[in-house]
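All residue numbers refer to positions in the sequence shown, counting from 1.
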Amino acid sequence: MKKMPVSKTALKFILIFVLVLLFLIPIGLIKSLVRDRKNYQKEAVASITEPLGQTAEIQGIVIAIPYKSYKEVFDTKGNAHTEVETKYVVFAPENLNLDINVEPYSLTRGIFKVTAFNGQINLDSSFTSFDFSFFGISQKDVLTKEAVLILGMSNSKTLTKQPVFKLNNENLNVSPVKYDFISPFTTSVYYTLPEIQLSQGFNISALIDFQGGENIKLRPIAADNKYTMKSNWPSPSFSGGWLPKERELSDKGFTASWNIAGLSTVYPKSWLSENKFYPESICVSFMIPVDSYKKTERSVKYALLFLLIPFIALLVSEIFSKTRIHPVQYCLIGFADVIFYLLLLSISEHLPFDLTYFICSICVCLATLFYAVAIFKSFKWGGMLSAVQFISYIFLYGTLQAEDYALLIGSIGLFVVLLLLMFITRKIDWYEISRAEEDEVEKKN
């Protein structure tokens, strides 16, 4: 049975396919390395912000008022008797005004920089009504002498001083007892209240000094929430359940204000302490933008495509120049493309990503240029191969910048590459190339 001859050109196509598959291994290792560096960065940030309480979240204030709850129980003999236990109704303020001043500063751990901050909150709130009738509680069962004011936060490390609370300009004392079983907050500070007149409203004010790292969160809990924040940080990021109603940003800092109605939150005006809620918060971030890992990770996702383009360009150059290229030379050019992503990852940890990308692309393209000129012994083909590589890097850079249109740009770019290949190779007679190779073999034999 006569074997069908396989041309060297066909073998080169098979070789390119095999090389691309093999290069998936180092590309996968680089992807893993990017993830490791991202995790290392997170660990470094956590090691700095953890002693500061990490994200500083002020979760609000409430007043918890106990009442007597009666329950009829039966003993083993079937005799009924009444048990009395103490339960709590939690009341949110009618108004909660926070005037916040934040002073960020930078801390470093190794090559990573983290934003920390100190801040101060002037709190002013009012409580106007305490209605127990909705819960079916008689006024005589309400224990107003044991009412507790609760300040909520995400972490006790957030506080740098003991907050000073005042009720109608009278200082409140910190409670020696913790009431974590009734608090709606993650971490709480409790203050004893003098016997309050439930029929009369009163004001509570406070001065709260706090610290944290990267983010500040504020949880609206009152019927009417008004927050104002000032800082010398020039580029904050606002997110969470509500955006600022007004904001002013400049190189000297920013001012932002929120007006949040209680109807847009999950909190009612009052609730039984055993009820649980899953509230939203507003968030202000002071993070230093570090998108190098994200962009590097995205660029590695396109590595297979931008590895295939130089290989095809090298094959086309080989066919037109009639210069035989050894598989080792294909591998070396492929490794140059793979090392591009490794350089991008390592250098971008020390320099801005855009500058890093420019440096890495120029270095790899120059290396390809000199090597290809030496292979083809002609600047024409070496310059073309280097130009193809440089254009592909420009295209990749544009794809990274336009995140929302990355799929569109990538698919159009791939189609354009296909059209160019079809145009360049339109006059190649592949059968003629095979016949020429066979004739060359026969002459040698």
Side-chain angles (χ1 to χ4, degrees), residues 7-20 22-23 26-27 299-300 302-344 347-348 351 353-401 409-410 412-430 432-433 436-437:
S7 68
K8 293 179 180 178
T9 304
L11 287 174
K12 282 292 174 66
F13 277 110
I14 297 173
L15 171 67
I16 290 174
F17 178 74
V18 172
L19 286 178
V20 169
L22 290 176
F23 274 109
I27 289 173
S299 67
V300 176
Y302 297 97
L304 195 61
L305 172 62
F306 291 96
L307 185 65
L308 185 62
I309 291 173
F311 279 164
I312 294 177
L314 187 59
L315 178 61
V316 171
S317 300
E318 180 180 356
I319 292 172
F320 279 104
S321 67
K322 298 180 180 180
T323 303
R324 295 182 63 182
I325 306 299
H326 196 274
V328 172
Q329 293 168 321
Y330 276 90
C331 288
L332 290 175
I333 290 178
F335 273 120
D337 276 303
V338 171
I339 291 176
F340 166 80
Y341 299 101
L342 185 60
L343 291 172
L344 194 62
I347 300 177
S348 63
L351 295 177
F353 182 84
D354 294 343
L355 177 59
T356 299
Y357 192 95
F358 176 77
I359 293 173
C360 295
S361 57
I362 290 296
C363 290
V364 173
C365 288
L366 286 176
T368 301
L369 172 64
F370 293 130
Y371 187 65
V373 168
I375 292 174
F376 292 102
K377 296 180 176 58
S378 169
F379 186 83
K380 172 186 174 181
W381 298 110
M384 190 205 74
L385 187 62
S386 181
V388 168
Q389 196 169 40
F390 186 69
I391 292 171
S392 68
Y393 285 148
I394 293 175
F395 180 73
L396 175 59
Y397 181 78
T399 305
L400 296 178
Q401 299 304 311
I409 294 174
I412 292 175
L414 187 60
F415 182 66
V416 170
V417 170
L418 177 62
L419 290 180
L420 287 174
L421 284 173
M422 293 172 68
F423 177 78
I424 293 171
T425 61
R426 70 190 187 282
K427 294 183 179 180
I428 295 178
D429 188 342
W430 299 101
E432 179 64 28
I433 293 175
E437 291 175 351

Give the minimum heavy-atom separation between [X] and [Y], together with the two atoms involved.
X    : Y    : value
L385 : A313 : CD1-CB, 3.7 Å
P310 : Q389 : CG-NE2, 4.4 Å
S348 : F353 : CB-CD1, 4.2 Å
G334 : L307 : O-CD1, 3.6 Å
T356 : L343 : CG2-O, 4.3 Å
L344 : C360 : N-SG, 3.7 Å

[X] side, atom [atom1]; [Y] side, atom [atom2] - distance, nearest 0.5 Å:
X    : Y    : atom1 : atom2 : value
I359 : D354 : CD1   : CG    : 11.0 Å
F335 : L342 : CZ    : CG    : 12.0 Å
C363 : F340 : SG    : CZ    : 10.5 Å
I27  : L22  : CD1   : CG    : 11.0 Å

Enclosure of Y371 OH (heavy-atom neighbours >12, cutoff 6.0 Å): yes

Polar side-chain atom of T368 near backbone of S386 as donor-acceptor pair, under 3.5 Å: no

Validation row: F390, V364 side chains within 4.5 angstrom (heavy atoms): no

Sub-6.0 Å ring centroid separation between F358 and Y393: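 Not close enough - the centres of the two rings lie 6.0 Å or further apart.
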
Parallel, tilted or perpendicular: ring planes of Y357 versus Y397, cut at 30 and 60 degrees: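 Y357 and Y397: tilted rings.
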
